[in-house]
Amino acid sequence: MSLPLLTVTAAVPAVGAVLTAAVPAARRTAAKWLALLFSLATLALAVLVAVRFDPAGERYQLTESHAWIADFGVRYQLGVDGIGVALIGLTALLVPFVIAAGWHDADPLETRSSRWRPTQGFFALILMVEAMVIISFEATDVFLFYIFFEAMLIPMYFLIGGFGDRAHAGSDENAAAQRSYAAVKFLLYNLAGGLIMLAAVIGLYVVAGNFSLQEITAARAAGTLDMSATTERLLFLGFFFAFAVKAPLWPLHTWLPNAMGESTAPVAVLITAVVDKVGTFAMLRFCLGLFPDASKWATPVILVLALISIVYGALVAVGQRDIKRLVAYASISHFGFIVLGIFAMTSQGQSGATLYMVNHGLSTAALMLVAGFLISRRGSRLIADYGGVQKVAPVLAGTFLIGGLATLSLPGLAPFVSEFLVLVGTFARYPVIGVIATLGIVLAALYTLVLYQRTMTGPVRDEVRGMPDLRARELLVVAPLVALLIGLGVYPKPLTEIVNPAVEYTMADVKQTDPKPTVPMQSVAVEAKNGEAAK
């Protein structure tokens, strides 16, 4: 039997979580190294998945299928396409950085009971989230996907509520209350979306008789799936609502600023760069794959919601006084771009949306982790408490600037490629929406550069005068992310080669082709030739 690579890739961090949690309480350092070792092993397996995946091959590869709950048609069924491979790679890449960046975030504090910050529990929960996210990207059985889509909420709830930001202003009691509120809000919003999705999952089984993504899409293509337009639209709405909460899309976004603001910086990265990607990924795989006609029916409304997310998130980010909440609202704006690209129904838009998921993960991780290092030094999240940092910590300021420039999609950095493709793909079919969406770029430049100016430039405040620069461990966290942002900005081909074939399959699911240019290239060439002749 061949190695069940996808199962092993998801199982390794799960096993690592159990072993890390079992390390004796006095062996905190051993628990950290063990968690890091298992995260690196998962990264090696993710690289192996990418190596063994053939972009020119079948749509779903490395497949596994085993009977599970046979009476209800549920199977343990896994498979990856190019989009899944890219996002598994992103997840496996970021988790070691999250662990290294949060090396001391769960160490006991003298002023708090250590039982509320068990180091072993903190790192075990991170690995458990990684395992559940990876298998969500692999699952091609709808019911299997649903189980892990919901199960990942549990470790995230404890990471937010039990291991909050130490830079919280106010008393310990107030900080604990704020963490609890953020964790409960996160859980309730996502549970509400999940319950609605569960009803839609059951409805899909009643109509299709099974939960297999491949079998349902094949039956639809063959015309043997008996599903009325009304039923398809209702099921689509049930799935999309859950994914829009997870993404998050306006107006279902309000849990994200609270969750990111009250979390440690590494956990905030885990939320927005890893967990939230499951929502946008599922829109591509399940909404468009299972309900293509309903997806086209809902597209005008979804595009408007995405446009509101882009502009609203950026506008609110401009007015933020808290560094982490600013990054949270910026992420809401960026997720608007991702959803816009998905539902523009063009190959450029969907390729750009998939690249945006990866590139946003890298840029947000770089910016948020450096912001976390900054906040841990000063003990405050407020922008007004900083000033002149670049004079005392130039490396920290420089990496912070690169993360910020990537967030505003500066040409030459990875997010520019994805944002450009999303806007080109949107403009090709919906020019008015494409033009309005460019406002998000202008606002991104505003909130990013103002943030840098207020924290890093100007006179050196007394409170930051003795601030140390990035240490060796922190440089090891940030430097690879910066290198990837530059490398994929200059040469994105390795990602596009994996992603584009999967996008072509998705476009075929919804029976869409790219709009033809309003001015054919042949006409442009003739006009140019005539112009040269006239000269």
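Source: prediction; values computed, not measured.
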Around [X], counting heavy atoms of other residues, nucleotides and ligands shown, do more than 12 lie under 6.0 Å from its [atom1]?
X      : atom1 : result
Phe158 : CZ    : no
Glu58  : CD    : no
Arg52  : CZ    : no

Problem set entry | Cationic N near anionic O, under 4.0 Å, Arg75 to Asp141 |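 Salt bridge between Arg75 and Asp141, a charged N being under 4.0 Å from a carboxylate O: no.
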Heavy atoms only: give me the nearest [X]-[Y] pair and the separation to one decimal.
X      : Y      : value
Leu213 : Arg285 : CD2-CG, 3.6 Å
Ala502 : Gly82  : CB-N, 3.7 Å
Ile332 : His253 : CD1-CD2, 3.5 Å
Leu369 : Pro266 : CD2-CA, 4.0 Å
Leu451 : Thr455 : O-OG1, 2.8 Å
Ala406 : Pro415 : O-CG, 3.2 Å

Starting at [atom1] of [X], measure out to [atom2] of [Y] and round the result to the nearest 0.5 Å.
X      : Y      : atom1 : atom2 : answer
Glu497 : Leu495 : CD    : CG    : 10.0 Å
Leu405 : Ile486 : CG    : CD1   : 10.5 Å
Ser331 : Met368 : OG    : CE    : 7.0 Å
Thr354 : Asn500 : OG1   : CG    : 9.0 Å
Leu127 : Leu34  : CG    : CG    : 8.0 Å
Met260 : Arg325 : CE    : CZ    : 10.5 Å

Exercise. Is Lys32 positioned over the aromatic face of Phe123, cation under 6.0 angstrom from the ring centre and no more than 45 degrees off axis?
Worked result: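 Not satisfied by the 6.0 Å and 45° rule.
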Can you check whether [X] reaches [Y] side chain to side chain, under 4.5 Å on heavy atoms?
X      : Y      : result
Leu37  : Trp33  : no
Asn258 : Gln178 : no
Glu150 : Leu198 : no
Phe163 : Val267 : no
Phe211 : Ile216 : no
Ser263 : Leu159 : no
Val23  : Leu19  : no
Phe335 : Thr280 : yes

Exercise. Please walk me through it: do Phe143 and Tyr205 pass ring pair (Phe, Tyr, Trp, His ring centres under 6.0 Å)?
Worked result: CA-CA 9 Å; Phe143 191 80; Tyr205 174 75; 9.1 Å; no
[Y] and [X] side chains, donor-acceptor separation under 3.5 Å:
X      : Y      : value
Thr7   : Glu64  : yes
Ser212 : Gln77  : yes
Gln390 : Tyr452 : yes
Tyr386 : Ser380 : no

Exercise. Just one of Ile135, Val133, Ile134 clears the side-chain contact (heavy atoms from CB on, under 4.5 Å) bar with Phe148, so which one?
Worked result: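 Only one of Ile135, Val133, Ile134 forms a side-chain contact (heavy atoms from CB on, under 4.5 Å) with Phe148, namely Ile135.
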For this session: Run through Val85, Thr9, Leu5, Thr63 and flag the one making a side-chain contact (heavy atoms from CB on, under 4.5 Å) with Val80.
Result: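 Answer after filtering Val85, Thr9, Leu5, Thr63: Val85.
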Exercise. Between Val417 and Leu488, does a side chain to side chain contact (heavy atoms under 4.5 Å, CB included) hold up when you go through it step by step?
Worked result: CA-CA 9 Å; Val417 179; Leu488 292 176; over 6 Å; no
Check whether any side-chain N or O of [X] sits under 3.5 Å from a backbone N or O of [Y] as a donor-acceptor pair, and report yes or no.
X      : Y      : result
Gln350 : Ile342 : yes
Arg381 : Ile375 : no
Asp322 : Leu382 : no
Trp255 : Val245 : yes
Lys246 : Lys277 : no
Thr20  : Ala17  : no

For this session: Mind running side chain to side chain contact (heavy atoms under 4.5 Å, CB included) on Phe400 and Phe373 for me, showing each step along the way?
Result: CA-CA 10 Å; Phe400 189 81; Phe373 299 148; over 6 Å; no
Aromatic rings [X] and [Y]: how do their planes relate, parallel, tilted or perpendicular, breaks at 30° and 60°?
X      : Y      : value
Phe145 : Phe286 : tilted
His360 : Tyr356 : tilted
Phe281 : Phe137 : perpendicular

Problem set entry | Test log, rule salt bridge (Lys or Arg N to Asp or Glu O under 4.0 Å), inputs Glu474 and Arg377 | CA-CA 12 Å; Glu474 295 165 337; Arg377 284 159 165 75; 2.7 Å; yes
Exercise. Checking side chain to side chain contact (heavy atoms under 4.5 Å, CB included) for the pair Met357/Leu284: CA distance, chi angles, key distance, verdict?
Worked result: CA-CA 12 Å; Met357 294 185 219; Leu284 274 168; 3.7 Å; yes
Problem set entry | Verdict with reasoning, Met197 to Tyr146, per side chain to side chain contact (heavy atoms under 4.5 Å, CB included) | CA-CA 8 Å; Met197 181 182 169; Tyr146 172 78; 3.9 Å; yes
Problem set entry | Ring centre gap for Tyr76 and Trp68 strictly below 6.0 Å |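 Tyr76 vs Trp68: aromatic centres not under 6.0 Å.
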